[in-house]
Amino acid sequence: MDELDHIARRVVEGGGPWTIELYPTLACNLDCRFCDTAPRHVKPVDELDEAQWLRIVDEAADMGARRAMVLGGGEPLLSPHAPALMRRIKARGLSGMLTSNGTLLTAPVRALLLDIGWDEVHLSIDGARARTHDALRGRPGAFRRTVSHACRLRAERDQRGLAAPRIVIHTVLTRANVDELAELARLGAAVGADRVELDALVAYRPEQVALQLGPAESARLSGRVAEGLEAAREVGVATNYARFVEVRVTERGQHAPAAGPGEGLRAAPCLKPFHHLAVTADGRLSPCCVLAGEGESLRRRPVAEAWAASPYLSRLRAGMLRGVATGRCAECSENILVHERAIRARIPA
Amino acid sequence: MNVNLELTDHCNIACRMCSQSLRDEAHGAPHRFMDFDTWRRALDGLRGLRDVTLCPHWLGEPTLHPEFDRFVRHAFEHNANNVLFRHFKVHTNAVLLPPERVETLLDVASAGGLLPDTFLAVHFSIDAFARDTYTLVKGADRREVVFRNVERFLSRRAERGLRRPVVHVAYVVQDGNTGEVAAFVEHWRPRLARPVLTADWPPMDRDAVYLRRWNTGDQARADAIHAEACRAVGLVPVSRPEGAF
C-alpha cells in the first residue's frame with residue numbers, strides 16, 4: 001500500500017487527519033505582488049503561542065496524523081515558534097514539509113533541518129532571473145539570498161550524506177515568468193533541487209490579474225512547457241511541468257472541481273475535509289489553504305473534538321458527500337485536485 | 001577581439017591542472033621569450049583594428065619575461081587615444097610581483113590619454129588557501145609570497161585611489177582543494193572592492209572571487225566537484241546567459 005491507499009482507508013474508516021497544515025504566522029519579510037495576506041507587514045496579533053502549536057501537533061499525532069506542512073500565510077521562519085514546532089513534528093514521527101521564501105534559511109535553520117531529519121523544503125522562487133523574482137517578490141536581493149541558501153542546504157545535506165530534506169523549487173506561474181520555464185529547470189538542477197514545481201496563480205485584485213497569463217502567454221504556454229520539459233530531462237531534474245500544458249490548469253477560480261463518478265465519498269469533488277486539517281496563525285481550522293480561517297478556533301478546543309464535531313467541517317463534509325463543492329473550491333490548485341482524485345479512485349465502491 | 005601576444009611560454013610553477021605544465025614543449029617547440037622587436041611590430045599591427053583586448057600571455061607566465069615591465073610600459077606609451085588596443089588584461093600566478101612591478105601596472109592603469117577602463121583586469125590564478133594545498137596544486141611552495149603579493153597589489157590600488165584594473169582571484173576547484181573553498185572566499189572577499197562571487201567568467205567591471213571549473217578527462221566528475229564546492233558557499237554552479245540566475 002502506498003500513502004494514497006492509507007489516506008483512502010483513513011477517509012473510509014473515519015479516523016483523524018492524515019495531514020496537518022500549519023501557518024505559524026501571517027508576518028512576512030517580502031512583499032509579493034500576488035500575495036493575499038493583507039496584514040503581512042504589521043505586528044502579528046492574536047497568533048497562537050508556542051505551547052498551543054505544540055499541543056496541536058501532539059493531539060494530531062495522537063489521532064494518527066502522519067504528515068505536517070509548515071507554511072505560509074506569512075513566512076513561517078519569521079515565527080519564533082517555528083524551530084520548536086518543527087522539532088516537535090519530527091519528534092512525534094510525522095513527515096515534515098516546510099514552505100518558505102528561503103531568505104531566512106540561515107545556517108542555524110539549515111542545521112536544525114538536517115539535525116532533526118526534516119523531510120522536504122519548498123522554496124518559493126518565481127523566476128530564473130533575479131530581476132524577475134525580485135520584482136514579483138518585492139525585495140531586491142531576495143533571489144540572491146534564497147538561491148544562495150538553497151545551494152548551501154544542498155551542499156550541507158550532501159556533506160552529511162543525507163537524502164533529506166528534499167529540496168523543491170515552487171514557482172507560481174505568471175506572465176512574468178512563463179518564458180523562463182527551461183531556465184527554471186536548469187536553475188533547479190544547478191542549486192541541487194530535487195524537483196521544480198509550478199502552481200497556478202489565484203487572481204482577485206488588479207495587481208494579481210495583471211500577472212495572469214494573457215492570450216499571448218497562453219498561446220505559447222504549451223511550447224514553453226515543452227522547452228521546460230526538455231531542459232529538465234537534459235539536466236535530470238523532476239518537474240510537474242507536464243500538468244501545465246493545458247491552459248485550463250492555469251485558470252484558478254474559474255472551474256469548480258467536478259464531482260466523482262460514484263456516490264458518497266466516491267462522489268466527493270474533494271476529500272480534504274476527511275483527511276486534512278489546516279490551522280491558521282490565529283488557530284482557526286479549515287480543510288485546506290483555499291478555505292483557510294473559515295472554521296472554528298482550536299485555541300481552546302482539543303483537535304479531536306473539533307475534528308469530530310466542528311459544525312463547519314460537518315457542513316463541508318456533507319456537501320462533499322452530495323458531490324457539491326463550495327464556491328471558493330473553484331480556486332483550488334490542480335496540483336491538489338490531482339491528489340484528491342487519486343485518493344477518491346482508491347475508495348471502494 | 002582578444003589578441004594574445006604570448007611574452008613567454010615558460011612558467012615558474014607547475015600547476016597540475018595546466019596543460020603547459022604537462023608538456024616540455026607547450027607549442028611543439030622549445031620554450032622561448034618574445035623579443036622586443038616582435039612585440040613592437042605586433043603592437044603596430046593592431047593599429048586600425050577595432051575593440052582589441054590585448055593579453056600578454058597564453059600558456060606561460062608573462063611576468064617571467066625579463067623585460068615584462070618594459071614591454072607593458074611600451075604598449076601603453078604607444079596607445080594614446082587607444083589607437084592600438086581598447087582594453088588590456090593580464091593573467092598571472094603572482095609569484096613575480098614585486099613592489100616595483102605593482103607600481104608599473106598601476107601607473108599604466110592610471111595613465112593619461114587613454115580611456116579610463118583601458119586596463120581592465122588582473123586575473124590572479126591562486127587555486128588554494130593553505131600552504132600545503134598550494135604546494136600540491138601549484139607544484140611549488142609559493143603560497144606565502146603569492147598571497148603577500150596579491151594583497152600588496154590590492155592595498156596599493158586602494159592607496160592610489162584606483163578602480164582599475166579590477167582584480168579577479170581565481171580558484172580552479174579540483175581534487176585536493178575542495179575543502180578550503182570557503183576559507184579562500186572568506187579570505188579574499190573582504191580584501192577586494194565590492195566583489196562578486198562567481199562560478200562563471202567574472203564581470204570586467206567588478207572585483208571577483210572566481211570558482212572555476214576544472215577541465216579534465218572525467219568532466220562529469222569535475223563538474224560534480226565544482227558544483228558541490230560552489231553550493232557550499234551559496235553559489236549557483238553553472239554557466240548561464242547574461243542576466244539569468
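Worth saying up front: this structure is predicted, and the values here are computed from it rather than measured. Residue numbering restarts at 1 for every chain, and letters A, B, ... go by the order of the sequence lines.
Of the atoms belonging to A/A150, not a single heavy atom falls under 4.5 Å from chain B.
Heavy-atom pairs under 4.5 Å with chain B were tallied for A/G127, A/A155, A/A189; the largest tally goes to A/A155.
Residues meeting the side chain to side chain donor-acceptor pair (under 3.5 Å) test with B/N82, sequence neighbours left out: B/T118. Applying the side chain to side chain donor-acceptor pair (under 3.5 Å) test to B/E61 and every residue at least two apart in sequence or in another chain returns B/T63, B/T92, B/N93.
A distance-only check finds a donor-acceptor pair linking the side chain of B/D127 to the backbone of B/V172 [under 3.5 Å].
Looking at B/R86 and B/D117, a side-chain N of the basic residue comes within less than 4.0 Å of a carboxylate O on the acidic one, giving a salt bridge.
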Show every donor-acceptor pair shorter than 3.5 Å between a side-chain atom in residues 140-147 of chain B and any protein atom, with sequence neighbours excluded, or say none if there are none.
{"residue": "B/D141", "atom": "OD1", "partner": "B/R131", "partner atom": "NE", "Å": "2.9"}
{"residue": "B/D141", "atom": "OD2", "partner": "B/R131", "partner atom": "NE", "Å": "3.4"}
{"residue": "B/D141", "atom": "OD2", "partner": "B/R131", "partner atom": "NH2", "Å": "2.7"}
{"residue": "B/R143", "atom": "NE", "partner": "B/F129", "partner atom": "O", "Å": "2.6"}
{"residue": "B/R143", "atom": "NH2", "partner": "B/F129", "partner atom": "O", "Å": "3.1"}

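A centroid separation of 6.0 Å or more is found between the aromatic rings of B/W188 and B/Y171.
Using modelled atom types, one finds no donor on one side chain facing an acceptor on the other under 3.5 Å when comparing B/D218 with B/T216.
The stretch residues 225-233 of chain B places B/E228, B/R231, B/A232, B/V233 near chain A, each with some heavy atom under 4.5 Å from a heavy atom of that chain.
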